[in-house]
Amino acid sequence: MSDHDKKVTESGEKVTELDEKSNRAGRKSNRVSLTAKQRKVLDFCDEMPRTTQEILEMVGVKYQTKTVHQYTTKLVMMGMLRPTTTASHDPNRKYITTHGEQED
């Protein structure tokens, strides 16, 4: 594969033309397309609630606004993670996966 066939996402992950095609196909069928690191976050938070710092350290990225967005905020907006507290600036705020939860 040549260099012009590869792109880099905001998070620095390399994306091939085939990845982009499958992402477009996923959007057309309303499926959510996650990066490998986002899937890793979901697995990590499935075991027990984790802080943003723990999540970013496990993924191996720096604590920056764009990485917090990529690995916590975006997953919360997708409905795949949920915070354990409502206070957004709570230093003890943790995240846990939502799959398997039942509504009251």
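The shown structure was predicted, so the numbers you read here are calculated from the model rather than taken from an experiment.
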Which heavy atom in [X] sits nearest to a heavy atom in [Y], and how many Å separate them?
| X | Y | result |
| --- | --- | --- |
| Cys45 | Ile96 | O-CG1, 3.3 Å |
| Leu34 | Met78 | CD2-SD, 3.8 Å |
| Gly79 | Thr98 | O-OG1, 2.5 Å |
| Tyr71 | Val41 | O-CG1, 3.6 Å |

Review point. Which of these passes side chain to side chain contact (heavy atoms under 4.5 Å, CB included) with Val61: Leu56, Val68, Ile55?
Key: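 With Val61 as partner, side chain to side chain contact (heavy atoms under 4.5 Å, CB included) holds for just one option, Leu56.
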Check your understanding: Can you list every pair that meets salt bridge (Lys or Arg N to Asp or Glu O under 4.0 Å) and has a residue in residues 89-99, with sequence neighbours left out?
Key ->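 Not a single pair qualifies under salt bridge (Lys or Arg N to Asp or Glu O under 4.0 Å).
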Point to revise | Side chain Thr67, main chain Gln64, donor-acceptor under 3.5 Å | key: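 Here the side-chain-to-backbone pair exists.
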Check your understanding: Checking Gln38 side chain against Thr35 main chain: does a donor-acceptor pair fall under 3.5 Å?
Key ->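 Looks like yes, one N/O pair under 3.5 Å.
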Check your understanding: Who are the side-chain contact (heavy atoms from CB on, under 4.5 Å) partners of Val76, not counting sequence neighbours?
Key ->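 Counting only residues at least two positions away or on another chain, Val76 forms a side-chain contact (heavy atoms from CB on, under 4.5 Å) with Leu81, Pro83, Tyr95.
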Exercise for review: Quick one: list whatever passes side-chain contact (heavy atoms from CB on, under 4.5 Å) with Glu47, sequence neighbours left out.
Suggested key: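 Glu47: side-chain contact (heavy atoms from CB on, under 4.5 Å) contacts with Arg50.
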Review point. Measuring from Thr52:OG1 to Glu57:CD, what's the distance to the nearest 0.5 Å?
Key: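 The distance works out to 11.0 Å.
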